[in-house]
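Just below is one structure, and these are the notes that go with it.
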Amino acid sequence: MYVVLGATGNTGSVAAKTLLARGEKVRAVGRDAYKLRQLTELGAESVTADASDAAAMTTALEGATAVYVLLPPRAKDPELLASGDEMSTAITEAIRAAGISYVVLLSSIGAHHADKTGPIQALHTFEEKLRQVPNLNALFLRPGPFMENFLLLIPLVHSMGFLAGGIDSDLKMLFTATRDIGLVVAEALQKRDFTGFSTRELHGQRDLSHDEAAKAIGGAIGNPKLSYKHFPAFLIEQGMKQMGIPGKTASLMSEMNEAANDGRLEPLEARSEKNTTPTGIEDWAREVFAPAYLAKAAAGD
């Protein structure tokens with residue numbers, strides 16, 4: 001039995017569906033019972049539970065051969081780091097109480113730093129908590145930024161005709177498609193070929209700047225002149241607040257951007273066949289961004 005937390009999310013849904021397609025038993029865990037139905041229809045067990053509820057998490061994990069865990073994104077939580085700390089404590093307690101032997105954690109590039117990395121700090125804390133669990137074998141996956149983050153900029157592309165953010169436009173980053181992460185998760189859960197505590201970075205298909213990403217996305221939506229603009233932190237934070245993101249969280253996002261610009265989010269591993277993932281930005285833009293962009297336009301949003 002494999003338990004997948006965040007089973008309706010970008011990485012969890014791919015991991016769960018991949019395992020089910022391979023004939024494995026899967027227990028899908030999430031907060032939305034309606035969204036979990038698509039997995040139960042494919043043969044999964046489902047458990048509706050909040051990641052901050054240690055008792056509910058323990059029940060969800062009982063009897064598992066291996067577990068995929070993560071911090072569900074809660075960008076609109078007024079105390080993002082405190083919320084992450086509460087969830088990682090509850091999940092770690094559940095892992096200990098249920099006697100789990102194998103865990104795959106979705107962490108992040110930069111999680112080896114204890115501070116000054118914005119929301120990534122919560123993942124550093126999560127890794128450290130898991131290291132305290134006796135007899136646990138844990139694999140900490142540390143991917144680069146998700147390609148899916150560009151989907152948040154669709155309204156901006158519609159209204160202003162460009163992409164924007166707080167990262168330097170020519171900074172090479174390790175943009176990774178979440179579907180590739182989900183496939184790595186499924187393989188790691190099945191193979192369980194890790195012992196003790198280990199990390200594995202995921203570097204995307206190639207190093208990529210925001211300028212290069214904008215060119216690929218523009219090509220996919222029929223706007224070859226689409227560009228990326230670097231804005232100062234105060235403007236980025238202002239825009240996030242207008243989207244309903246609390247001030248503290250907006251400040252943490254700016255801190256993460258600055259960490260990237262300052263080189264604190266550089267990978268620890270050299271690029272290799274093992275940490276290179278298959279999906280390029282051109283394919284992702286055509287298969288994921290463009291349909292979402294056109295659907296938004298059709299809906300008049």
Side-chain angles (χ1 to χ4, degrees), residues 1-54 56-74 84 87-88 90-92 94-95 98-108 123 126 130 136-144 146-149 151 176-194 200 202 204 277-279 283-284 287-288 291-292:
M1 172 64 74
Y2 299 101
V3 175
V4 177
L5 268 60
T8 61
N10 286 324
T11 62
S13 61
V14 172
K17 288 175 183 176
T18 301
L19 290 167
L20 288 167
R22 293 174 181 174
E24 302 286 5
K25 293 181 180 178
V26 173
R27 186 179 299 144
V29 183
R31 286 194 296 168
D32 189 326
Y34 182 78
K35 288 182 179 178
L36 286 168
R37 282 176 54 190
Q38 62 172 303
L39 292 171
T40 57
E41 288 169 1
L42 293 174
E45 289 183 20
S46 70
V47 175
T48 306
D50 191 283
S52 61
D53 185 336
M57 284 290 107
T58 301
T59 300
L61 302 191
E62 282 177 352
T65 303
V67 180
Y68 174 52
V69 302
L70 74 175
L71 291 181
R74 296 187 180 177
M87 289 189 286
S88 62
I91 295 168
T92 304
I95 289 167
I100 302 301
S101 298
Y102 288 92
V103 167
V104 177
L105 166 68
L106 178 61
S107 187
S108 170
L123 294 167
F126 202 167
L130 289 175
L136 181 65
N137 302 294
L139 175 63
F140 304 145
L141 289 180
R142 293 179 177 173
F146 299 161
M147 289 183 185
E148 276 68 12
N149 292 344
L151 297 174
T176 307
T178 55
R179 66 191 186 194
D180 292 345
I181 300 171
L183 291 173
V184 170
V185 169
E187 181 183 25
L189 291 174
Q190 277 192 303
K191 286 189 174 179
R192 300 185 296 288
D193 54 358
F194 49 93
R200 178 181 171 188
L202 298 176
T277 50
T279 303
D283 289 341
W284 179 86
E287 296 166 10
V288 180

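Between L202 and D180 the shortest side-chain heavy-atom distance does not fall below 4.5 Å. For the pair T176/T178, no side-chain contact is recorded, criterion being any heavy-atom separation below 4.5 Å from C-beta on. Between R200 and F194 there is no side-chain heavy-atom pair separated by less than 4.5 Å. Taking the side chain as every heavy atom from C-beta outward, L136 and Y102 never approach each other to under 4.5 Å. Side-chain contact between V104 and L141 is present, with heavy atoms from C-beta onward closer than 4.5 Å. Side-chain contact between L5 and M57: present, with at least one pair of heavy atoms (C-beta onward) separated by less than 4.5 Å.
Residue A186 comes nearest to A15 through the heavy atom pair CB-O, 4.0 Å, listed as atom of the first residue, atom of the second, then distance. Shown here for A60 and R27, the closest heavy-atom pair between the two residues is O-NH1, 2.7 Å. A64 approaches V3 most closely through the heavy-atom pair CB-CG2, 3.5 Å. Shown here for R192 and A66, the closest heavy-atom pair between the two residues is CD-CB, 4.0 Å. The heavy-atom pair separating L20 from G43 by the smallest distance is CD2-C, 4.0 Å. Taking each heavy atom of L39 and A7 in turn, the nearest pair found is CD1-O, 3.3 Å.
Judged by distance alone, the side chain of R37 and the main-chain N or O of Y34 form no donor-acceptor pair under 3.5 Å. S13 places no side-chain N or O within donor-acceptor distance of the main-chain N or O of T8, the cut-off being under 3.5 Å. Side-chain N or O atoms of E24 include none that pairs as donor or acceptor with a backbone N or O of Q190 at under 3.5 Å.
Note: L71 CG to I91 CD1 = 6.0 Å, rounded to the nearest 0.5 Å. Atom CE of residue M87 and atom CG of residue L70 lie 8.5 Å apart, to the nearest 0.5 angstrom. In this structure, CD1 in I95 is found 9.5 Å from OG1 in T58, a value given to the nearest 0.5 Å. One finds the OG1 atom of T11 at 5.0 Å from the CG atom of L106 (value rounded to the nearest 0.5 Å). Atoms CG and CG, from L105 and L123 in turn, are 6.5 Å apart once rounded to the nearest 0.5 Å. Taken from CD in E45 to NZ in K25, the straight-line distance is 8.5 Å, to the nearest 0.5 Å.
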Handout entry: Check against side-chain contact (heavy atoms from CB on, under 4.5 Å), R142 and S107
Key = CA-CA 5 Å; R142 293 179 177 173; S107 187; 4.0 Å; yes
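R179 and T279 share a donor-acceptor pair across their side chains, judged by distance under 3.5 Å alone. Side-chain contact annotation: N137 with S101, donor-acceptor N/O pair under 3.5 Å absent.
With sequence neighbours excluded, the residues forming a salt bridge (charged side-chain N to carboxylate O under 4.0 Å, His left out) with D283 are R286, listed by chain and number. Every residue two or more places apart in sequence or in another chain that forms a salt bridge (charged side-chain N to carboxylate O under 4.0 Å, His left out) with R74 is listed here: D50.
Ionic pairing of E187 and R22 is not present here: no N-O contact between side-chain nitrogen and carboxylate oxygen is shorter than 4.0 angstrom.
Taking the six-membered ring for Trp, F126 and F140 have ring centres at least 6.0 Å apart.
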